[in-house]
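Data block below; observations after.
In what follows, residues are counted from 1 in the order of the sequence shown.
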Amino acid sequence: MRTLLYFLVLAAFPAAGSPDALSPEAAFDLHARVMLQNDAEARREFDARIGPAQGPYQGMHPEVPPLARGLSTSSMDLMLQSAAADGARHDTYPWATAVLRRTHCHATGSRVGQRSSDGRHVADIRFTCQAADVQNLYDWYIATLFDQRHGNDRFWAAYMKQLLEGPLRTTEGTTQLVAAPDDGIWHSERLAGTFPVIEQDVAAALWATWLPMTQWRAEAKQRMAQRLTRNAECDSLLRRYWKCSARLGPQDLSGADALAAMLGDSQHNVPEAERSQQCTALRPKIEALWPEPCE
């Protein structure tokens, strides 16, 4: 009877110093601290409270966090694709690590169920991140399509500074944590030996905010194709505007849309030769918009 009472007491009152089980939301927040801030206190708490469920990966914390490596690699790939100057090709791990440390992700809610295949509890997590906003660099990036020689260095310098010092915006995502029925430790699975699911899902949310350049390029090219008038002289004038604006005033690139709309609206049912003459006459006025030659 005394032995039975002893085990009942142990079940009701865990041993002193043993941490309480984290909720799914709290477990996500701790995962996020390790992934982003990667400070020693977060790693110690993670190892104590979530580490036992990590199996052979318990206590493993790479010197360069995977998200920092991913941001560095992804941004560098885009730099090289855009033919950025050699001066930009340097070790960007310290920069990426600093960007992550000013980024904060928190769970906003969860829905818990049980997986029939193995009996594990599964929590579908909703989360938000406060991450650097790069949307105001759109025109600077589009300018690189017309002026690579000057535009690439200018954009990437501004981009790297923006992620370090610029204003933050909220981005959202979802992920999943699991817990074994017998321990209640919410943790992220590794599918097929890859990075934890939570790292992939948080990265997807952050990359959508930080690396929109491929989408920007596709949208800009589609819009430019739609703006062309199919008149050689008028289209030459439009391309000249794009090039000069990219070189001397990238924040005014939207003026090309207004110019294209004006040329299109004013030239319906106008003979081709007359349209060419009108655009030729307009060229000096367009050139006069720029304070210096844009060759």
Side-chain angles (χ1 to χ4, degrees), residues 31-39 43 60-105 129-171 173 175 188 190-222 246-247 250-251 253:
H31 275 85
R33 278 182 59 199
V34 172
M35 287 188 292
L36 299 171
Q37 284 69 53
N38 195 34
D39 58 276
R43 291 194 299 269
M60 293 178 59
H61 300 287
E63 182 178 352
V64 179
L67 288 187
R69 189 180 298 274
L71 174 59
S72 175
T73 301
S74 299
S75 58
M76 186 61 64
D77 286 347
L78 286 170
M79 282 189 210
L80 299 180
Q81 288 172 20
S82 65
D86 289 342
R89 303 178 188 182
H90 56 265
D91 182 4
T92 55
Y93 289 160
W95 164 78
T97 298
V99 170
L100 292 176
R101 284 178 177 160
R102 72 184 298 254
T103 305
H104 297 273
C105 297
C129 297
Q130 293 297 309
D133 186 2
V134 300
Q135 290 299 311
N136 64 345
L137 298 179
Y138 175 83
D139 286 340
W140 292 75
Y141 181 74
I142 301 307
T144 67
L145 303 181
F146 305 97
D147 183 31
Q148 285 195 355
R149 185 160 58 106
H150 300 89
N152 282 325
D153 290 346
R154 180 176 55 195
F155 169 77
W156 287 108
Y159 173 82
M160 294 182 76
K161 182 177 180 181
Q162 184 85 350
L163 262 64
L164 277 179
E165 304 174 5
L168 305 177
R169 62 174 293 190
T170 300
T171 187
T175 191
S188 182
R190 295 173 181 261
L191 300 181
T194 61
F195 293 118
V197 170
I198 191 172
E199 285 187 358
Q200 299 177 55
D201 293 336
V202 170
L206 295 178
W207 283 198
T209 300
W210 289 340
L211 299 167
M213 285 75 88
T214 300
Q215 179 181 350
W216 285 354
R217 178 184 289 262
E219 291 174 350
K221 287 187 173 182
Q222 181 180 15
R247 172 75 183 279
Q251 69 276 11
L253 270 173

Which distance, rounded to the nearest 0.5 Å, do you find between the [atom1] of [X] and the [atom2] of [Y]?
X	Y	atom1	atom2	answer
Arg102	Glu165	CZ	CD	8.0 Å
Tyr159	Leu137	OH	CG	9.0 Å
Trp95	Met160	CH2	CE	5.0 Å
Asp153	Trp156	CG	CH2	11.5 Å
Met35	Leu206	CE	CG	8.5 Å

Please report the closest heavy-atom contact between [X] and [Y], naming both atoms and the distance.
X	Y	answer
Ser72	Ser75	O-OG, 3.1 Å
Thr175	Ile198	OG1-CA, 3.5 Å
Cys105	Ala32	O-CB, 3.7 Å
Tyr141	Met213	CE2-O, 3.4 Å
Thr171	Ala205	OG1-O, 3.5 Å
Ala68	Tyr93	O-CD2, 4.5 Å

Problem - Side-chain H-bond candidate by donor/acceptor type, Gln162 with Asp133, under 3.5 Å - result: no

Exercise for the section: Kindly write out the residues that satisfy side chain to side chain contact (heavy atoms under 4.5 Å, CB included) with Ala203, not counting sequence neighbours, or none if the list is empty. Expected result: Leu67, Trp207

Completion exercise
Sorted by chain and residue number, the side chain to side chain contact (heavy atoms under 4.5 Å, CB included) partners of Gln130 (sequence neighbours excluded) come out as Leu168, Thr170

